[in-house]
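Worksheet for the structure shown next.
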Amino acid sequence: MKTKIASILLTLVLVCGLMGCGLTAPEAPMEATIDGYTVVLGETTVQDIVDQGYEIYLESVQDVARDGDKYISFYYSFAKEAGNQFWGYVAVPWNGSTNINKEMELSMTEGILKSVSFSKSSTEKVTASYNGVDIQDMTFDYASEEWKAKTDDTTTSVAYIAQVKNGVLRFKEGATSGGELDSFSVQMSEKTFEKMQNQ
């Protein structure tokens, strides 16, 4: 009898897996808006941001690249002034060499945004929003209810993560926010990003 029940359960799991019963990630826009300008991941370039009046600052360079990687990433902050700033990872084609000076230079204009991050404190003077929701109004409860975000156990701070179609959404507390949501980011998956670039 136990074998028969186990067999039925296994069949149900397999059928559900094949049909995608509740296992598909929710649709989510791979874009966000700040100061009236919409950053479209996979399309918007660093030059597009500069053209909006933002100054760029290189924050960090990808530590490790693997053979076979097509792109290399750079992390930038974009700012007009205090209270009007955001961050993002940008990618450019990688030549496979350890010398990435050319890629770094290219990233300052032709780098394509593959993620964007906002904090409540850095967007006090402008409106920053995702999917029509102002970053200032976002909460962990909203993230959980709207995007089925789950606790991110990879960090010691309070953080939630939501796996969505074409990427991931992250919600984090701030250093001084006392457990309240302070920052939000939307990141496109490598697979989706590379597919867009090859179209």
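Annotation for Leu106 and Pro93: closest pair CD2-CD, 4.4 Å, computed over non-hydrogen atoms. Closest approach of Ala32 to Tyr130, counting heavy atoms only: CB-CD1, 4.4 Å. Among all heavy-atom pairs drawn from Gly42 and Gln197, the shortest one is O-NE2, 3.0 Å. In plain terms, the two heavy atoms of Ala149 and Tyr160 that are nearest each other are O-CD2, 3.7 Å. The minimum heavy-atom distance linking Trp94 with Asp69 is given by the pair CE3-O, 3.5 Å. Glu43 and Ile112 get closest at one heavy-atom pair: N-CG2, 3.7 Å.
Under a hydrophobic-cluster definition in which Ile, Leu, Val, Met, Phe, Trp and Tyr are linked whenever side-chain heavy atoms come within less than 4.5 Å, directly or via other members, Met104 and Val92 are assigned to the same cluster. Cluster annotation: Tyr37 is not connected to Val40 through the hydrophobic network of ILVMFWY side chains, with a link wherever side-chain heavy atoms come within less than 4.5 Å. Under a hydrophobic-cluster definition in which Ile, Leu, Val, Met, Phe, Trp and Tyr are linked whenever side-chain heavy atoms come within less than 4.5 Å, directly or via other members, Tyr71 and Val116 are assigned to the same cluster. By the criterion of side-chain heavy atoms lying less than 4.5 angstrom apart, applied directly or through intervening Ile, Leu, Val, Met, Phe, Trp or Tyr residues, Phe118 is grouped together with Val126 in one hydrophobic cluster. By the rule that hydrophobic residues join a cluster once side-chain heavy atoms approach within less than 4.5 Å of another member, Val168 and Val158 end up as members of separate clusters.
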>> If you apply the rule side-chain contact (heavy atoms from CB on, under 4.5 Å), what do you find for Leu169 with Gln163, and how did you get there?
In response: CA-CA 7 Å; Leu169 309 178; Gln163 298 291 338; over 6 Å; no
>> For a side-chain contact (heavy atoms from CB on, under 4.5 Å) check, start with the C-alpha distance between Glu81 and Lys125, then their side-chain angles and the critical distance, and finish with the verdict.
In response: CA-CA 9 Å; Glu81 57 188 17; Lys125 295 183 180 178; 3.6 Å; yes
>> Quick one, Tyr76 with Tyr57, criterion ring pair (Phe, Tyr, Trp, His ring centres under 6.0 Å). Give me CA distance, side-chain angles, the key distance, then yes/no.
In response: CA-CA 5 Å; Tyr76 279 94; Tyr57 303 92; 9.3 Å; no
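One finds the CG atom of Asp134 at 5.5 Å from the OG1 atom of Thr127 (value rounded to the nearest 0.5 Å). Here the CD atom belonging to Glu146 is positioned 12.5 Å from the CG atom belonging to Asp141, to the nearest 0.5 angstrom. To the nearest 0.5 Å, atoms OG (Ser119) and NZ (Lys172) are separated by 12.0 Å. Atom CD1 in Ile56 sits 11.5 Å away from atom CZ in Phe74 (nearest 0.5 Å). Atoms OG and NZ, on Ser144 and Lys150 in that order, are 6.0 Å from each other to the nearest 0.5 Å.
The main-chain N or O of Tyr89 is found under 3.5 Å from a side-chain atom of Ser115 such that the two form a donor-acceptor pair. Counting only distance, with no hydrogens or angles, the side chain of Lys120 and the backbone of Met138 share a donor-acceptor pair below 3.5 Å. The backbone N or O of Tyr142 lies less than 3.5 Å from a partner atom in the side chain of Thr139, making a donor-acceptor pair.
Heavy-atom contacts from other residues, nucleotides or ligands closer than 6.0 Å to CD of Gln47 number more than 12.
Counted by atom type alone, Thr45 and Asp48 present one or more donor-acceptor pairs between their side chains at under 3.5 Å. Side chain to side chain, Thr123 and Gln85 fail the donor-acceptor criterion of an N or O pair below 3.5 Å. Side chain to side chain, Asp152 and Thr154 meet the donor-acceptor criterion of an N or O pair below 3.5 Å.
With contacts defined as side-chain heavy-atom distances shorter than 4.5 Å, the pair Asn198/Lys195 does not qualify. For the pair Asn131/Trp147, a side-chain contact is recorded, criterion being any heavy-atom separation below 4.5 Å from C-beta on. Phe78 is listed as a side-chain neighbour of Val46, based on a closest heavy-atom distance under 4.5 Å. The shortest distance between side-chain heavy atoms of Val164 and Glu27 does not fall below 4.5 Å. Using a 4.5 Å cut-off on side-chain heavy atoms (C-beta onward), Phe140 and Thr151 make no contact. Residues Leu58 and Tyr75 have side chains not in contact (no heavy-atom distance under 4.5 Å, counting atoms from C-beta outward). By the 4.5 Å heavy-atom criterion applied to side chains, Ile49 and Val39 are counted as neighbours. Side-chain atoms of Leu41 and Glu31, non-hydrogen and from C-beta on, never get closer than 4.5 Å to each other.
With sequence neighbours left out, the side chain to side chain donor-acceptor pair (under 3.5 Å) criterion links Glu190 to Lys114. Every residue meeting the ring-ring contact (aromatic ring centres under 6.0 Å, His included) condition with Tyr54, not counting sequence neighbours, appears here in chain and number order: Phe86.
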What pairs of donor and acceptor atoms, side-chain ones from residues 178-189 against any protein atom, are under 3.5 angstrom apart with sequence neighbours left out?
unit_1: Ser189; atom_1: OG; unit_2: Thr192; atom_2: N; d: 3.1
unit_1: Ser189; atom_1: OG; unit_2: Thr192; atom_2: OG1; d: 2.9

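Ionic pairing of Asp35 and Lys80 is present here: one or more N-O contacts between side-chain nitrogen and carboxylate oxygen are shorter than 4.0 angstrom.
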